[in-house]
Amino acid sequence: VVLNAQPLVDRTGARIGAVGSSYDITALREREADLAAFAGVAAHDLRAPLMVIAGYTALLEEDLEDGADPESMHPTVARIGAGVRRMQQLIDDLLAYATARDARISLQHVDLQEVVADIVTERTLHLHVADGGGPPPEITVGPLPVIDADASMIRQVFDNLIGNALKYTRPGEPARIDIAASHPDGDPATIRITIADRGIGIPAEEQPHVFDQFHRVAAHTKSYHGTGLGLAICKRVLQRHDGTIRAADNPGGGTCMIIEMPYAGRPLPAPVTV
Ligand code: ADP
């Protein structure tokens with residue numbers, strides 16, 4: 001605790017009292033420690049692909065000096081490209097993470113059905129080009145409502161979540177994703193949106209932690225690339241919208257991400273039960 005005492009004097013300079021202020025710097029110190037830890041991890045994660053790029057660039061230079069066949073250099077160039085893309089992704093995520101905290105949010109009507117359909121189209125086109133045509137994902141969307149949200153931030157949330165649902169699948173298995181909306185406990189003032197996948201799942205004890213910055217499930221890091229910031233961005237964006245996000249098991253196997261946020265629109269029709 002820091003104490004600040006200022007003497008109070010009258011016009012003649014005689015001391016007539018003192019005003020004091022004190023504030024708790026523990027919170028400040030904690031914030032500084034958080035920031036240092038954050039910068040450390042960010043620097044480490046940027047450094048790793050940079051070392052790869054530096055190493056393979058040196059190799060290319062040697063090959064060029066030796067007059068090696070350009071064909072033989074393709075794998076080296078590809079590794080440099082992959083390193084560059086990982087750095088780009090991390091820088092994009094770091095910027096999005098900062099924006100999610102600091103940027104002003106401007107609420108507007110956002111047609112979630114349109115946004116999500118758009119992301120699905122974009123992401124699956126991408127997948128097909130990259131994979132040379134693996135099993136196509138099976139995705140059902142909605143119907144989803146119009147919500148009040150910051151359009152670009154909420155788009156980022158669904159892009160991250162759909163990206164994860166497509167990514168964390170077993171090799172060779174198509175992604176199966178269901179995105180749906182409802183009112184939790186029939187409360188028309190809250191909207192719940194679920195993104196359920198049939199992928200590799202998140203162990204129950206990890207579920208509360210995957211929203212922490214840079215937290216990745218250890219068992220996933222070997223086979224799946226990532227920055228560990230996507231869900232931290234989602235959590236921040238939802239907080240800014242007075243909403244929440246959590247992870248649960250999908251009863252059919254896999255993960256179910258559950259978003260809840262305030263809703264002022266027309267109540268959704270009750271689900272039909274048969
Ligand atoms: P990353 O860039 O590693 O994907 P995220 O913040 O998006 O970072 O996710 C954090 C971690 O949570 C991931 O590394 C992964 O282990 C786990 N995860 C997130 N979404 C899913 C999912 N749909 N299925 C299985 N695991 C997931």
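Atoms within a ligand are numbered from 1 in the order they appear, just like the ligands themselves.
- Under 4.0 Å from ligand 1, heavy atoms of L231 appear from its side chain as well as its backbone.
- The residue from Y97, Y168, F211, Y224 that puts a heavy atom closest to atom 1 (P) of ligand 1 is Y168.
- Using cut-offs of 30° and 60° on the angle between ring planes, the pair F214 and F38 is tilted.
- Numbered from 1 in the order shown, with element, the atoms of ligand 1 that lie under 4.0 Å from a heavy atom of G230 read 5 (P), 6 (O), 7 (O).
- Every N/O-N/O distance between G226 and ligand 1 stays at or above 3.5 Å.
- Each of the atoms 10 (C), 11 (C) of ligand 1 lies under 4.0 Å from some heavy atom of H215.
- For ligand 1, the atoms sitting less than 4.0 Å from at least one non-hydrogen atom of D197 are 22 (C), 23 (N), numbered in the order shown with element in parentheses.
- Within the listing of ligand 1, atoms 6 (O), 8 (O) sit less than 4.0 angstrom from a heavy atom of L229.
- Residue Y168 belongs to a hydrophobic cluster whose other members are I200, Y224, with links defined by side-chain heavy atoms closer than 4.5 Å.
- Interface atoms of ligand 1 facing I202, defined by a heavy-atom separation under 4.0 Å, are 18 (N), 21 (C), 25 (C), 26 (N), 27 (C).
- Side-chain atoms of Q89 and D93 include a donor-acceptor pair closer than 3.5 Å.
- For the pair L166/I162, a side-chain contact is recorded, criterion being any heavy-atom separation below 4.5 Å from C-beta on.
- Contact check for H225 versus K167: no side-chain heavy atoms found under the 4.5 Å cut-off.
- Residue contact annotation: N160 has no non-hydrogen atom under 4.0 Å from ligand 1.
- To the nearest 0.5 angstrom, I193 atom CD1 is 5.0 Å from I147 atom CD1.
- Ligand 1 has no nitrogen or oxygen under 3.5 angstrom from a nitrogen or oxygen of A232.
- Protein heavy atom closest to atom 24 (N) of ligand 1, with residue, atom name and distance, is T255 OG1, 3.2 Å.
- Cluster membership for V146 and L144, using ILVMFWY side-chain heavy atoms within less than 4.5 angstrom, is not shared.
- Proximity to V210 (heavy-atom distance under 4.0 Å) selects the following atoms of ligand 1: 10 (C), 12 (O).
- The protein heavy-atom contact nearest to atom 2 (O) of ligand 1 is T227 N, 2.7 Å.
- A heavy-atom separation below 4.0 Å is not found between G199 and ligand 1.
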Donor-acceptor contacts under 3.5 Å from residues 44-53 side chains, at least two apart:
none

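- Classification of D178 and R198 as a salt-bridged pair fails, no side-chain N sitting under 4.0 Å from a carboxylate O.
- Residue-level proximity to ligand 1 for R216 is carried by backbone and side chain together, each with a heavy atom below 4.0 angstrom.
- When hydrogens are left out, the protein atom nearest atom 16 (O) of ligand 1 is H220 ND1, 2.6 Å; that is the closest non-hydrogen contact.
- For the pair Q156 and T99, the minimum side-chain heavy-atom distance is 4.5 Å or more.
- At least one heavy atom of K167 sits less than 4.0 Å from an atom of ligand 1.
- In this structure, the protein non-hydrogen atom closest to atom 7 (O) of ligand 1 is N164 ND2, 2.9 Å.
- More than 12 heavy-atom neighbours from other residues, nucleotides or ligands sit within 6.0 angstrom of CZ on F158.
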